Every structure is written in C-alpha cells, then in structure tokens.
Amino acid sequence: MAETAQEVLKMIQDENIELIDLKFVDLFGIWQHCTFHRSLIDEEAFTEGVAFDGSSIRGWKAINASDMSMVADPTTAWIDPFMEVPTLSMICSIKEPRTGEWYDRDPRSVAAKALEYLKSTGIGDTVYCGPEPEFFIFDDIRYDQNEHEGYYHIDSSEGLWNSGRVEAGGNLGFKTGYKRGYFPVAPSDTLQDIRSEMLLTMGKCGVPIEKHHHEVGTAGQCELGMRFASLIQAADYALTYKYVVKNVARKHGKSATFMPKPVFNDNGTGMHTHMSIWKNGEPLFYGDKYADLSQLALNFIGGLLHHAPAVLAFTNPSLNSYKRLVPGFEAPVNLAYSQGNRSASIRIPLSGGNPKAKRIEFRCPDATANPYLAFTAMLCAGIDGIKNEIDPGESLDVDIYELSPEELSKIPSTPGSLEGALAALEKDHAFLTEPGILSEDFIDNYITYKLDNEVNPMRLRPHPYEFALYYDA
C-alpha cells in the first residue's frame with residue numbers, strides 16, 4: 001500500500017491507470033464519489049484537493065457557498081475491484097477552498113479534530129477502534145410507501161418461513177431457525193462462498209482481515225472480521241467493508257443490508273465497537289481494578305455511560321436502530337458494564353493477561369452510524385469521564401433475566417427511540433462542543449435534519465400493523 005503522494009503518482013504511472021475515483025463520506029455515513037482522469041491528479045490533489053460542488057450533499061452547503069475541495073489521503077489507495085476499467089480509489093477529507101480550513105461538517109475532519117483534542121489533554125496520543133459490523137444477505141427485497149399503501153417484502157432461501165415453499169428442483173430443507181443461525185455448517189449455511197469472496201476482496205482493498213461466519217438470525221445474517229486500527233483508519237475500513245459487502249452481494253444477484261432490524265422477531269444487526277487509548281506506544285486501559293482495568297479505563301467507561309443517551313444519536317442514528325435496542329434479542333439496552341454479561345452496553349473482553357489486548361466493547365452501535373462521528377462521540381464521552389473522574393458504578397455481572405422488576409428499575413437503559421436520543425443530544429453535548437470538536441451549528445443542523453427528514457415524516461405515515469390493531473375500531 002502507498003504511504004505518500006509520490007508513491008501514488010508513481011503507481012498511477014507504472015500501472016498505466018487512467019481513472020482515479022475519489023470517495024468521501026456525507027454527514028450520515030454514506031460514501032459519495034467522483035471519478036477523475038489522471039491528468040487532474042497531481043501532488044496538489046493531496047494538499048489543496050480537487051474542486052467539487054458541495055451544495056447537493058445532504059446536510060452540507062447552501063448553493064451560494066458550494067465550492068469545496070476533496071483532499072485525497074494517499075494511504076487509502078487501492079484498485080477498485082468492482083469497476084470494469086482499472087480505477088484507483090482513494091478516500092478524501094474535505095477542505096474549504098477559500099480559507100484552506102478543514103470543513104467543520106466533514107465527518108473525517110471531525111474525527112481528526114478529536115484525535116488532536118486527545119493529544120492536547122495529555123491523556124493519550126492514539127485511539128484504537130475495532131468495529132464489528134453485521135449484515136443480512138437477502139435474495140429479494142421490495143418496499144414502497146405512498147398515499148394508499150405501505151409495505152415491505154423480504155425473502156431469503158435460508159429463511160425459516162420458506163420451510164414449506166415449493167422450490168425449483170424441490171425444497172431441500174435446512175432452513176435456519178429463528179435465533180439459531182450462529183455458526184451452522186453447510187448445507188444450512190448457504191453463504192460460505194459469498195462471504196469468503198467478500199473477506200478476500202476486502203483484503204485486496206487494504207482492510208486487515210481475520211475471519212467470517214454466519215450470525216444468529218435466520219435469512220442470511222452474517223459477519224466478517226477485520227483487525228482493529230487507529231480511529232480514522234478503522235472508520236475508513238468500516239466504509240470499505242460496507243462497500244465490498246454490498247457490491248459482492250449484488251454481483252451474486254443478492255442484496256446486502258446493514259439495517260439494524262430488517263427481520264421481525266429475530267436478532268438485529270449491530271456494530272459492536274472495541275476501543276482503547278494508548279500513549280507513547282503503551283496501553284492505558286490495563287490495570288489492577290475490576291476485570292484488569294485501569295482507573296483511567298473505569299473513568300472512560302463512566303463518561304461513556306453518563307453520556308450514552310446523547311452518544312446514541314450518532315452510534316444509533318436511525319429510526320430502525322431502536323427496533324433492535326429492545327430486551328430479549330441479545331440487545332445491549334442496559335447502560336452498565338460487565339466482563340461477561342452481553343446484555344450490558346459495555347463489555348470487558350477477556351485479554352488473557354495481555355495489557356495490549358485490554359479494551360472496552362461498546363455494544364450499542366449499529367452500522368447505520370457514520371463511523372467517524374460514532375467513534376468521535378464515544379471517544380469524547382470517555383475523555384470527559386477521565387477528566388472529571390466519573391465513577392461508572394458497580395458492574396452488572398448477574399443474569400439480568402433473573403432480576404426482579406424493582407432491581408431492573410435501578411439499571412438505566414438506552415433511549416427508546418431516535419427522537420429520545422436526539423433530545424438527549426440537545427440537552428447534553430458540551431462534551432463535544434466545549435473542546436471544539438463539533439460546533440453548536442453542527443449539533444443544531446444534525447438534530448434538525450434528523451427530525452425533519454426521519455422522525456416527523458414517520459409520524460405522518462400509518463404503519464401496516466396499525467391496520468391489524470385498529471381497522472375494526
């Protein structure tokens with residue numbers, strides 16, 4: 001992989017690459033791109049950037065101030081495996097061409113600010129993140145919503161609902177039971193070869209790969225494993241992961257989705273995220289406290305739990321996110337920490353006595369999150385906990401399903417809706433704005449966009465289940 005602009009330019013020359021695809025992320029975690037002829041890419045593209053119109057990007061510029069620059073990161077260069085003409089891909093951050101400043105609504109630039117803030121506190125100099133995005137692979141997906149109808153229809157040859165379906169050549173059975181999809185072998189697992197292709201393709205795109213497997217849900221729930229990386233790299237990898245998964249699925253005539261809860265009455269898909277802070281090459285989360293954590297790590301947990309309702313506005317930013325965050329489906333709805341209880345929102349993975357492996361796992365996030373903003377919010381909440389020595393309270397090491405209603409009432413829980421998370425962010429965002437990571441304008445713009453384009457439109461539309469409940473009223 002290239003490290004410098006000069007190495008990328010040499011690669012373009014040596015491999016006679018004519019097209020360069022520059023990708024950047026919008027406010028809501030979706031990659032945008034524009035493809036340039038090689039004649040437009042020189043060393044300046046890696047410092048001043050390449051001009052584009054930002055007025056049509058959701059939540060960004062008005063048309064009267066739309067000029068922006070994509071600044072390519074040479075360390076993200078790889079040959080795009082899905083383009084017929086050999087095309088070099090690079091990920092960009094966004095600059096204001098008039099001022100030369102990084103754009104304050106560019107999520108990648110926001111993440112860079114958060115890292116500078118960490119260094120300025122003296123707490124640490126490096127953050128490692130290990131996201132674990134899950135997804136479903138469907139054979140067919142149809143949905144619509146208009147004035148006289150609203151529906152969705154998903155299908156998968158693995159879905160248990162197809163156990164009685166007449167199929168070409170005969171129904172051979174081996175459908176995956178609800179909540180029984182974890183690690184089955186073929187023939188129940190029909191997606192081995194597709195996942196293998198996804199994993200190896202991801203590796204060719206520069207993502208450090210580890211493993212893949214079927215997940216708990218019926219109907220093709222899957223996960224690929226990638227190694228942890230520094231915060232911005234990890235976010236880059238998460239978007240590359242989604243890009244590869246969707247395009248390999250499409251190549252095979254299937255559709256992949258990262259919706260947190262597409263299948264009713266079965267497990268949803270999350271993006272459990274591991275995080276640790278280091279300084280001068282040394283891990284800071286290992287110590288002599290609970291579960292071999294340091295006091296600094298416990299305070300980090302305290303900050304993350306304290307600010308979690310607001311953090312979820314970024315880590316769980318969709319209406320559908322809160323269909324997953326409900327009790328009974330291995331969902332991390334309890335704002336507590338534990339070394340073994342997966343219903344707690346923060347788990348402390350076993351490290352085998354290795355200080356470098358000591359980390360926390362925040363289990364709430366899902367892959368509708370913009371990873372740059374999600375990781376930034378987690379980090380800033382944790383830093384606030386460290387600076388203010390926030391006590392995380394007692395760990396939750398009991399079987400929560402055995403607790404009485406009175407005991408359960410003492411455990412804080414995640415917001416029950418996107419609207420609840422946005423309300424929490426509106427009240428609690430000083431941990432993001434006071435250090436200058438996000439501006440008040442950013443927070444207001446984000447909340448307003450979400451309310452106007454997601455929360456309020458959903459209020460206007462009847463849900464199909466409402467007809468079952470109320471049609472005969």
Side-chain angles (χ1 to χ4, degrees), residues 114-115 117-132 227-231 234 272-312 315 330 332-365 374-400 402-403 407-408 410-414 428 431 435:
L115 294 176
Y117 169 56
L118 172 67
K119 293 174 186 176
S120 75
T121 65
I123 293 169
D125 54 36
T126 305
V127 181
Y128 288 114
C129 298
E132 300 176 345
R227 282 180 56 80
F228 66 90
S230 59
L231 189 149
H272 306 151
T273 298
H274 300 249
M275 184 172 278
S276 63
I277 298 177
W278 292 47
K279 186 175 183 179
N280 298 325
E282 295 297 323
L284 301 183
F285 276 13
Y286 186 80
D288 60 358
K289 306 296 182 184
Y290 172 82
D292 294 330
L293 291 170
S294 64
Q295 186 61 51
L296 180 142
L298 286 172
N299 291 143
F300 184 98
I301 291 170
L304 185 50
L305 290 175
H306 177 74
H307 295 295
V311 169
L312 261 66
T315 60
E330 300 185 21
V333 296
N334 305 291
L335 293 178
Y337 69 102
S338 173
Q339 62 181 335
N341 190 341
R342 278 177 160 78
S343 68
S345 59
I346 297 178
R347 184 176 75 93
I348 316 303
L350 294 174
S351 60
N354 179 4
K356 294 183 177 181
K358 183 52 63 178
R359 62 201 186 274
I360 64 104
E361 178 194 23
F362 191 40
R363 294 177 61 80
C364 292
F375 303 162
T376 291
M378 289 174 57
L379 174 62
C380 289
I383 291 174
D384 190 66
I386 294 168
K387 290 176 66 178
N388 293 293
E389 299 181 352
I390 297 177
D391 184 355
E394 294 297 317
S395 60
L396 181 67
D397 294 326
V398 299
D399 183 349
I400 193 166
E402 297 296 322
L403 295 179
E407 290 171 314
L408 274 174
K410 297 176 183 177
I411 303 172
S413 61
T414 55
D428 174 27
F431 68 99

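All residue numbers in this chain count up from 1 along the given sequence. Please read these numbers as outputs of a predicted model, since none were measured by experiment.
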Correct closest heavy-atom pair for Pro332 and Cys364 would be O-SG, 3.4 Å

Taking all heavy atoms of Leu335 and all of Ala308, pick out the closest pair and write down the distance.
-> CD2-CB, 3.6 Å

For atom CG of Leu408, decide whether the heavy atoms of other residues, nucleotides or ligands shown that lie under 6.0 angstrom number more than 12.
-> yes

Could you pull out all residues at least two apart from Pro392 that satisfy side chain to side chain contact (heavy atoms under 4.5 Å, CB included)?
-> Leu298, Ile301, Leu305, Tyr337

Partner residues of Glu132 under the salt bridge (Lys or Arg N to Asp or Glu O under 4.0 Å) criterion, sequence neighbours left out = none

Name all pairs fulfilling the salt bridge (charged side-chain N to carboxylate O under 4.0 Å, His left out) condition that reach into residues 344-359, sequence neighbours left out, sorted by first residue then second.
-> Arg347-Glu361

For Tyr117 and Ser120, work out which heavy atoms get closest and say how close.
-> O-OG, 2.7 Å

Could you tell me which residues satisfy ring-ring contact (aromatic ring centres under 6.0 Å, His included) with Phe300, sequence neighbours excluded, listed by chain and number?
-> Phe285

Sequence-distant partners of Ser230, side chain to side chain donor-acceptor pair (under 3.5 Å), two or more places apart = Gln233

CD1 (Ile386) and CG (Leu284) are apart, to the nearest 0.5 Å, by 8.0 Å

With Thr376 via side chain to side chain donor-acceptor pair (under 3.5 Å) - residues at least two apart | none

Applying ring-ring contact (aromatic ring centres under 6.0 Å, His included) to His307 and not counting sequence neighbours gives Phe431

Shortest non-hydrogen separation from Ala381 to Val311 and the atoms involved | CB-CG2, 3.9 Å

Correct closest heavy-atom pair for Ile277 and Gly124 would be CG2-CA, 4.0 Å

Contacts of Lys119 meeting salt bridge (Lys or Arg N to Asp or Glu O under 4.0 Å) (sequence neighbours excluded), chain-then-number -> Glu116

Does any pair with a residue in residues 286-300 pass side chain to side chain donor-acceptor pair (under 3.5 Å), and if so which ones, sequence neighbours excluded?
-> Tyr290-Asp397

Nearest heavy-atom approach of Asp391 to Gly393 is OD1-N, 2.9 Å

Out of curiosity, Leu293 CG to Ser351 OG, how far, rounded to the nearest 0.5 Å?
-> 8.5 Å

Quick check: does any side chain N or O of Ser338 sit under 3.5 Å from a backbone N or O of Leu396, one acting as donor and the other as acceptor?
-> yes

Value rounded to 0.5 Å, distance of CG in Leu231 from OG1 in Thr126 | 10.5 Å

Side chains of Leu304 and Ile360 in contact at under 4.5 Å (non-hydrogen atoms) = yes

So the salt bridge (charged side-chain N to carboxylate O under 4.0 Å, His left out) pairs with at least one residue in residues 377-390 (sequence neighbours excluded) are none

With rounding to the nearest 0.5 Å, note down the distance linking CD1 in Ile383 to CE in Met378.
-> 12.0 Å

Where the side chain of Ser345 meets the backbone of Asn334, is there a donor-acceptor pair that is under 3.5 Å apart?
-> yes

State, with a plain yes or no, whether a side-chain heavy atom of Phe375 is found less than 4.5 Å away from one of Pro131.
-> yes

